[in-house]
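First up is the structure itself, then whatever we jot down about it.
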Amino acid sequence: MLDIIVWVIIIALFIASFAGVIFPIIPSPLVLWVGFLLYHFVINEEELTWFFWMAMAILTVILIVADIIANSYFVKKYGGSKWGERGAAIAVIIGSFIMPPFGILIIPFVAVFLIELMQEKTFEEAVRASFGSLIGFLGGAAAKVVIQLAMIGWFFLVIIF
């Protein structure tokens with residue numbers, strides 16, 4: 001009976017980790033790790049090897065950095081300033097609270113636009129940088145989903161085979 005309860009919790013944690021894509025305040029990597037650790041310490045402590053743990057550690061670092069890199073890269077690529085990059089990162093977090101889930105798209109777009117105008121960029125340049133923040137967020141979100149699916153898939157492959 002305990003195993004069933006733990007499995008339900010593990011699966012719920014894996015599903016909840018995807019909420020972190022929409023709500024950046026939810027630490028997706030931590031939620032995944034809690035699921036892995038629950039399995040390891042409650043169900044079977046011998047099945048997950050050191051190779052699995054090392055791979056998950058590397059993928060966790062990539063998962064955390066993917067969002068930051070994507071946002072920064074695209075704001076910069078589309079002509080945004082350093083302040084625009086920083087503003088986009090902060091605005092994603094604020095936007096997730098103000099009007100989820102659309103706030104994570106709209107608030108950074110508006111924030112970068114205003115920041116770039118304050119930096120004396122033209123209207124077109126500000127719109128372009130704002131568009132870059134939108135592309136960056138969507139690119140980072142897509143990367144996070146793929147990496148999380150890989151981590152969860154790897155976990156199930158290890159325990160099944």
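Start at 1 with the first residue, then count along the sequence.
- Residue Ser81 holds its OG atom at 9.5 Å from CE of Met118, rounded to the nearest 0.5 Å.
- The neighbour count for Phe18 CZ, taken as heavy atoms of other residues, nucleotides or ligands under 6.0 Å away, is above 12.
- From Ile104, atom CD1 reaches atom CD1 of Ile93 across 11.5 Å, with rounding to the nearest 0.5 Å.
- Heavy-atom minimum distance, Val112 versus Ser133: CG2-CB, 3.8 Å.
- Annotation for Ala88 and Val75: closest pair CB-CG2, 4.3 Å, computed over non-hydrogen atoms.
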Step by step, work out the side chain to side chain contact (heavy atoms under 4.5 Å, CB included) result for Glu116 and Glu125. CA-CA 8 Å; Glu116 296 304 330; Glu125 290 170 328; over 6 Å; no
What pairs of donor and acceptor atoms, side-chain ones from residues 135-161 against any protein atom, are under 3.5 angstrom apart with sequence neighbours left out?
from: Lys144; atom 1: NZ; to: Gly20; atom 2: O; distance (Å): 3.3
from: Gln148; atom 1: NE2; to: Ser17; atom 2: O; distance (Å): 3.1
from: Gln148; atom 1: NE2; to: Ser17; atom 2: OG; distance (Å): 2.9

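- With rounding to the nearest 0.5 angstrom, the CG atom of Leu30 is 9.0 Å from the CG atom of Leu37.
- Residues passing the ring pair (Phe, Tyr, Trp, His ring centres under 6.0 Å) test with Phe41: none are found, sequence neighbours excluded.
- Partner of Ile10 under the side-chain contact (heavy atoms from CB on, under 4.5 Å) criterion, chosen from Leu32, Ile5, Leu38: Leu38.
- The shortest side-chain heavy-atom distance between Tyr39 and Val6 does not fall under the 4.5 Å cut-off.
- A continuous path of ILVMFWY side-chain contacts below 4.5 Å connects Ile26 to Leu59, so both sit in one hydrophobic cluster.
- Listed here is the closest heavy atom pair of Ile107 and Ala91: CG2-O, 3.7 Å.
- Transitive grouping of hydrophobic side chains (ILVMFWY, heavy atoms separated by less than 4.5 Å) keeps Ile94 and Trp83 in distinct clusters.
- Put simply, Ile9 and Trp7 are part of the same group of oily side chains (I, L, V, M, F, W, Y) that touch within less than 4.5 Å, one to the next.
- Looking only at side-chain heavy atoms (C-beta outward), His40 and Trp53 come within less than 4.5 Å of each other.
- In this structure, the separation between NZ on Lys82 and CD1 on Ile115 is 13.5 Å, given to the nearest 0.5 Å.
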Residue pair Phe123, Phe113: steps toward the ring-ring contact (aromatic ring centres under 6.0 Å, His included) verdict: CA-CA 8 Å; Phe123 179 84; Phe113 178 75; 5.4 Å; yes
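- For the pair Gly87 and Ala111, the tightest heavy-atom approach, listed with the atom from each and the gap, is O-CB, 4.4 Å.
- One hydrophobic cluster, built from ILVMFWY side chains closer than 4.5 Å, cannot hold both Tyr73 and Ile64; they sit in different ones.
- Val31 is not connected to Val8 by any chain of hydrophobic side-chain contacts under 4.5 Å among Ile, Leu, Val, Met, Phe, Trp and Tyr, and they are in different clusters.
- The number of heavy-atom neighbours closer than 6.0 Å to CZ of Phe131, taken from other residues, nucleotides and ligands shown, is 12 or below.
- Applying the side-chain hydrogen bond (donor to acceptor under 3.5 Å, both in side chains) test to Tyr78 and every residue at least two apart in sequence or in another chain returns nothing.
- For the atom pair Ser28 OG and Ile22 CD1, the distance stands at 10.0 Å (nearest 0.5 Å).
- The structure places CE of Met56 at 5.5 Å from CZ of Phe36, a figure rounded to the nearest 0.5 Å.
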